[in-house]
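I have placed the structure first, in the form of structure tokens, so that the comments after it can refer back to it.
For the single chain, residues carry numbers from 1 onward in sequence order. Hydrogens, waters and symmetry mates play no part in the numbers below; they use all other heavy atoms, side chains included. For clarity, every value in this text was computed on a predicted model and none was experimentally measured.
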Amino acid sequence: MSCPVSNRIAAQPPGKEVSSGVGVRAGGREGERGELKLLLFQWSVGVFVARSLWTCFLHFITLTGSCCSERSMADTEEENLQSQIDEVEALTSIYGDEWCVIDEAERIFCITVSDSSNKPTWTLCLQVILPAEYPASSPPLYQLNAPWLRGEDRLTLANNLEEIYLQNLGENILYQWVEKIREFLLGKSQTSDPGPCLKSTSEETDVDDDCEIPAEELNESFKNSMLFGLNDSSGVEEIPPIIHGETITDRRSTFQAHLAPVVSPYQVKLILNKLYENKKIATATHNIYAYRIYIKEQNSFIQDCEDDGETAAGKRMLHLMQILDARDVMVVVSRWYGGILLGPDRFKHINNCARNILMEHKYCSAGILIFVFQEESSKQTAKSKKVGKECKKKADH
């Protein structure tokens, strides 16, 4: 006897049971795909939100850091300014009238230092500008002025001042600078050299030359030079190539010009230091120089000159460079005195040396060159006429 249930199962078509199983499995796969898509969507949204939050966090950190940096810089500048004010007040109380304020707004000061308060024989003027970064991260900008200061003396004193700065980074150093200069002058006074204010000069004295430089006289060219970083060595600058000109000899005095391209006042210092490494140049009686640097952004010039004991020679040479419209160049003229006074001829030789080397290396415009050649030709013509007249007079007699 057969089972009814078994018979019903057996009676069903053979493919029906298999078809039903495949349908169930297909529905399950569609569900899994939907869940996977949902998970992927949720993961994408999470990644997007996380990225957005991270970007906002980084932006917030950047803004916070920038604000903190600006506040820190402002605080540092205020601290520097207060430190400068305190230092100037202290120097004023110590040195009295010797300490002079040239320009309070630009923080320009100077002091005349001597080896003795009673009868000084060696005197020097120290001029400084206090930048906003001093004393925290920058030294004072300085210039040393004295008719006798040149060659080895200038280089030694400059190295001493820079060594003091390096040994006292971040500290006020003007008092130490002044006392180091005084110590240097005292050392000079103890030598056999009687000093520039006592010894009788063996050179021409047709132009007045004071031993002491008035502290109030700070020319505009110095101010401009200092504001453009005369002593700023923060950027590494190479020493420009130096060209040496032909010598001119007259009555045992020898003159020679040296030329170098310059684009910053700091390069002027580099060139002078390089020239003074040459013993012959360092021991010259005078090393007169002048330079002109064109500032395109302001359509103006940074220019300055140094007589180096040959009174008014530097100004005459700078005037020559202005006439020639020489730009971005420095000229140094060395003179070795031969013991015979030359009078005004010495200025002629100094300017001729400077002009020859400037024209030879094309540091003047074509129009200026034509003018100079015409002027030289007219001078030669006038001289020839004068000589001809003198010869005619002699022949008549």
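For Glu179, the salt bridge (charged side-chain N to carboxylate O under 4.0 Å, His left out) test picks out Arg182, with sequence neighbours left out. With sequence neighbours excluded, no residue forms a side chain to side chain donor-acceptor pair (under 3.5 Å) with Asp97. Looking at residues two or more places apart in sequence or on another chain, you find no salt bridge (charged side-chain N to carboxylate O under 4.0 Å, His left out) involving Glu163. Remark: Arg252 engages no residue in a salt bridge (charged side-chain N to carboxylate O under 4.0 Å, His left out) (not counting sequence neighbours). Gln176 pairs by the side chain to side chain contact (heavy atoms under 4.5 Å, CB included) definition with Ile164, Asn168, Ile173, not counting sequence neighbours. Applying the salt bridge (charged side-chain N to carboxylate O under 4.0 Å, His left out) test to Lys274 and every residue at least two apart in sequence or in another chain returns Glu277.
Checking side-chain atoms of Asp308 against main-chain N and O of Ile288 turns up no donor-acceptor pair under 3.5 Å. Gln84 contributes a side-chain N or O that, together with a main-chain N or O of Pro131, makes up a donor-acceptor pair within less than 3.5 Å. Here the side chain of Ser138 pairs no donor or acceptor atom with the backbone of Tyr134 at under 3.5 angstrom.
Taking CG of Leu259 as the start and NE2 of His244 as the end, the distance is 10.5 Å to the nearest 0.5 Å. Distance check, rounded to the nearest 0.5 Å: OH of Tyr276 to OG1 of Thr156 gives 11.5 Å. For the atom pair Trp336 CH2 and Thr254 OG1, the distance stands at 7.5 Å (nearest 0.5 Å). From Asp304, atom CG reaches atom CZ of Arg292 across 12.5 Å, with rounding to the nearest 0.5 Å.
The aromatic rings of His349 and Phe255 lie tilted to each other, with the angle between the two planes from 30° to 60°.
For NE2 of His361, the number of neighbouring non-hydrogen atoms (other residues, nucleotides, ligands) closer than 6.0 Å is greater than 12.
Between Gln267 and Ile293, the closest side-chain pair of non-hydrogen atoms is not below 4.5 Å.
The two atoms that bring Leu342 and Asp250 nearest to each other are CD2-O, 3.7 Å, heavy atoms only.
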